[in-house]
A.B. asks: 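Can you keep this structure in mind? I'll have questions shortly.
FYI, the numbering just counts along the sequence from 1.
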Amino acid sequence: PVLHAASLPPLALNEDDKRAVVTGADFEVVFDKVQGRLVSLKRQGVELLSQGPALHVWRAPTDNDEPPSRRRECMGMRWREAGLDRVEHRLQAAEVVARSPHAVRIRFLTRVAAEGKTGFRHEHVYTVFGSGDVVIDNGVVCDEGLPPLPRLGLRMALPPGFERFAWYGRGPHENYVDRREGAGVGLYECTVDDLYVPYIMPQEHGNRADVRWAALTNDQGFGLLAVGMPLLEVSAGHFTDEDLAQARHTHELVRRPEVTLRLDYRQS
């Protein structure tokens with residue numbers, strides 16, 4: 001059903017030079033105006049984020065990305081040479097606007113690139129509504145000279161305990177844009193650990209394509225819901241892309257207690 005902003009509960013906005021805090025009836029959203037990032041999202045006093053969303057363009061190379069026989073000219077090496085595995089986020093502008101008593105808009109303009117490398121102009125706009133919904137709009141402009149990207153999306157992390165993963169999209173097994181014919185669209189559920197695929201060499205894995213929505217919840221069913229506009233590619237796990245890329249064998253991986261969540265517009 002369509003929600004009309006004027007019918008939603010009112011919001012309170014408090015800000016200073018460093019932070020903007022938006023408070024609703026049973027939730028609180030905190031933005032860091034120095035970093036240019038959403039840093040806290042609480043519902044009924046429960047923290048849902050340990051790391052807020054940021055533009056993410058890297059993946060742990062797959063066997064096809066970096067085959068040992070031709071590693072020097074492979075796509076994985078081109079990504080590393082462009083610095084996609086070590087980008088930094090530098091805030092250029094921040095704007096906080098109370099659009100109405102029921103909606104607040106926060107806009108961050110960020111330069112995303114490795115030092116001395118080509119990169120991206122990222123306009124990151126959050127609109128917080130009195131219902132507790134947070135709508136995220138991303139505008140990304142790529143510099144000339146970048147190689148084809150491994151992925152384009154957001155990466156964030158949730159605290160330990162949000163171990164149930166449900167999604168409405170392709171499944172039940174991992175699938176990608178070039179590997180999805182055998183994965184029907186449906187409603188699926190598993191644990192975050194079930195999403196891990198133990199390839200001999202740790203690498204990108206566990207993606208779900210054509211996702212309408214995905215949810216991470218705890219044992220009480222409380223959690224975070226991400227909805228595509230209209231579709232997402234989604235993956236979640238207890239290893240970061242950096243963890244996977246640095247390990248050469250599965251036994252070298254150390255499971256993190258928090259859950260890394262990736263919401264991609266597209267993945268190669």
Side-chain angles (χ1 to χ4, degrees), residues 51 53-67 74-76 78-79 84-85 87 112 120 122 124 133-140 142 146-158 162-217 223-245 253 259-268:
Q51 186 178 60
L55 184 69
H56 189 50
V57 294
W58 168 249
R59 78 171 180 218
T62 66
D63 290 329
N64 287 341
D65 294 331
E66 288 190 330
C74 67
M75 189 59 70
R78 291 180 63 191
W79 293 338
L84 300 186
D85 59 332
V87 297
V112 181
F120 311 85
H122 180 209
H124 201 53
D133 295 294
V134 181
V135 175
I136 308 177
D137 293 291
N138 295 280
V140 181
C142 303
L146 283 167
L149 302 180
R151 66 168 7 121
L152 183 66
L154 301 177
R155 181 173 68 171
M156 66 196 76
L158 282 75
F162 296 93
E163 297 295 329
R164 300 301 306 179
F165 182 70
W167 75 100
Y168 178 31
R170 293 195 178 273
H173 50 75
E174 69 169 5
N175 54 88
Y176 292 81
V177 66
D178 62 341
R179 187 184 164 193
R180 59 183 179 177
E181 288 301 311
V185 173
L187 177 61
Y188 302 98
E189 184 175 359
C190 64
T191 68
V192 172
D193 286 322
D194 289 336
L195 299 173
Y196 175 65
V197 182
Y199 289 108
I200 294 174
M201 185 186 78
Q203 56 193 275
E204 156 64 30
H205 65 271
N207 189 70
R208 268 49 176 186
D210 296 340
V211 174
R212 279 71 169 167
W213 59 259
L216 281 164
T217 55
L224 183 69
L225 173 73
V227 180
M229 292 182 169
L231 298 175
L232 296 167
E233 295 193 36
V234 180
S235 62
H238 288 286
F239 308 110
T240 67
D241 302 271
E242 292 80 5
D243 295 336
L244 295 166
L253 291 171
V259 177
T260 296
L261 174 64
R262 305 166 193 86
L263 304 175
D264 288 328
Y265 167 68
R266 233 21 103 63
Q267 186 174 169
S268 171

A.B. asks: Applying the side chain to side chain contact (heavy atoms under 4.5 Å, CB included) test to F165, which of T217, V234, V259 qualifies?
C.D. replies: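 For F165, the side chain to side chain contact (heavy atoms under 4.5 Å, CB included) check succeeds only for V234.
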A.B. asks: Who are the ring-ring contact (aromatic ring centres under 6.0 Å, His included) partners of F162, not counting sequence neighbours?
C.D. replies: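 ring-ring contact (aromatic ring centres under 6.0 Å, His included) check on F162 returns nothing, list empty.
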A.B. asks: For D193, give me all partners under salt bridge (charged side-chain N to carboxylate O under 4.0 Å, His left out), at least two apart in sequence or on another chain.
C.D. replies: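 Partners of D193 by the salt bridge (charged side-chain N to carboxylate O under 4.0 Å, His left out) criterion, ordered by chain and then number, come out as R255.
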A.B. asks: Check side-chain contact (heavy atoms from CB on, under 4.5 Å) between V87 and all other residues, then give those that pass, not counting sequence neighbours.
C.D. replies: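 V87 satisfies side-chain contact (heavy atoms from CB on, under 4.5 Å) with V57, H89, V112 only.
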A.B. asks: With sequence neighbours excluded, tell me which residues meet ring-ring contact (aromatic ring centres under 6.0 Å, His included) with W79.
C.D. replies: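 Result, ring-ring contact (aromatic ring centres under 6.0 Å, His included) vs W79: none returned.
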A.B. asks: Just to verify, what does P230 make a side-chain contact (heavy atoms from CB on, under 4.5 Å) with, not counting sequence neighbours?
C.D. replies: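 P230 satisfies side-chain contact (heavy atoms from CB on, under 4.5 Å) with no residue once adjacent residues are dropped.
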A.B. asks: Over all heavy atoms of both residues, which pair between Y168 and L187 is shortest? Give the atoms and the distance, please.
C.D. replies: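 Nearest heavy atoms, Y168 then L187: CD1-N, 4.1 Å.
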A.B. asks: Got R208 and N175 here, is their nearest side-chain heavy-atom distance under 4.5 Å?
C.D. replies: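 They are in contact (side-chain heavy atoms under 4.5 Å apart), so the answer is yes.
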A.B. asks: Would you please name every residue forming a salt bridge (charged side-chain N to carboxylate O under 4.0 Å, His left out) with D65, sequence neighbours left out?
C.D. replies: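 Here the qualifying residues are R59.
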A.B. asks: How far does CH2 of W167 sit from CZ of R212, to the nearest 0.5 angstrom?
C.D. replies: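 Those atoms lie 13.5 Å apart.
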A.B. asks: Please round to the nearest 0.5 Å and tell me the distance separating atom NE2 of H238 and atom OG1 of T260.
C.D. replies: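 It is 9.0 Å, given to the nearest 0.5 Å.
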A.B. asks: Is there a side-chain contact between V192 and L216 (heavy atoms, below 4.5 Å)?
C.D. replies: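 Contact flag for V192/L216 side chains = yes.
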A.B. asks: Please name the pair of heavy atoms, one in S268 and one in L149, separated by the smallest distance, quoted to 0.1 Å.
C.D. replies: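 Answer, listing the atom of S268 first, then L149: CB-O, 3.5 Å.
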A.B. asks: Could you list the residues that satisfy side-chain contact (heavy atoms from CB on, under 4.5 Å) with D63, not counting sequence neighbours?
C.D. replies: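 Residues passing side-chain contact (heavy atoms from CB on, under 4.5 Å) with D63: M201, Q203.
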A.B. asks: Going by the rule salt bridge (charged side-chain N to carboxylate O under 4.0 Å, His left out), which residues pair with D241 if we only count those two or more places apart in sequence or in a different chain?
C.D. replies: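 R151, R155, R262.
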A.B. asks: Can you give me the closest heavy-atom contact between G206 and V197, atom names plus distance?
C.D. replies: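 Looking at all heavy atoms of both residues, the shortest contact is N-CG2, 4.3 Å.
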A.B. asks: Does H56 have any ring-ring contact (aromatic ring centres under 6.0 Å, His included) partners at least two apart in sequence or in another chain, and if so, which?
C.D. replies: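 Applying ring-ring contact (aromatic ring centres under 6.0 Å, His included) to H56 gives none.
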A.B. asks: Specify the closest pair of heavy atoms between A183 and H173, including all atoms of both residues, with the distance to one decimal.
C.D. replies: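 So the two residues come closest at CB-CE1, 3.8 Å.
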A.B. asks: Compare every heavy atom of D243 with every heavy atom of L253, then report the nearest pair and how far apart it is.
C.D. replies: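 Shortest heavy-atom separation between L253 and D243 comes out as CD2-O, 3.6 Å.
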A.B. asks: Compare all side-chain heavy atoms of L154 with those of L261 and state whether any distance is below 4.5 angstrom.
C.D. replies: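 Of all side-chain heavy-atom pairs linking L261 with L154, none is under 4.5 Å.
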A.B. asks: With sequence neighbours left out, what residues match Y176 under side-chain contact (heavy atoms from CB on, under 4.5 Å)?
C.D. replies: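 If we apply the side-chain contact (heavy atoms from CB on, under 4.5 Å) test to Y176, skipping adjacent residues, the hits are E174, D178, R179, E204, N207, Q267.
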A.B. asks: Nearest 0.5 angstrom please: E66 CD to R78 CZ, how far?
C.D. replies: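 One finds 13.0 Å between CD of E66 and CZ of R78.
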A.B. asks: Of all residues at least two apart in sequence or in a different chain, which pass the ring-ring contact (aromatic ring centres under 6.0 Å, His included) check with H205?
C.D. replies: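 With sequence neighbours excluded, H205 shows a ring-ring contact (aromatic ring centres under 6.0 Å, His included) to Y196, given in chain and number order.
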A.B. asks: Heavy atoms, side chains only, cut-off 4.5 Å: are W58 and T240 in contact?
C.D. replies: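 Contact flag for W58/T240 side chains = no.
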A.B. asks: Using a 6.0 Å cut-off, check whether atom OH of Y188 has over 12 heavy atoms from anything other than its own residue.
C.D. replies: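 Check passes, neighbour count above 12.
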A.B. asks: Atom CG in L225, atom CG in D133: separation rounded to 0.5 Å?
C.D. replies: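 CG of D133 is found 8.5 Å from CG of L225.
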A.B. asks: For E233 and R266, work out which heavy atoms get closest and say how close.
C.D. replies: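 Here E233 and R266 meet closest at OE2-CA, 3.9 Å.
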A.B. asks: Apply side chain to side chain donor-acceptor pair (under 3.5 Å) to D85 and list each qualifying residue two or more places apart in sequence or on a separate chain.
C.D. replies: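 In terms of side chain to side chain donor-acceptor pair (under 3.5 Å), with neighbours along the sequence ignored, D85 is linked to no residue.
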A.B. asks: At what distance, to the nearest 0.5 angstrom, does SG of C190 lie from CD of E163?
C.D. replies: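 Going from SG on C190 over to CD on E163, the span is 11.0 Å.
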A.B. asks: Would you compute the distance between atom CG of D264 and atom CG of L152 and round it to the nearest 0.5 angstrom?
C.D. replies: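 So the CG of D264 and the CG of L152 are separated by 7.5 Å.
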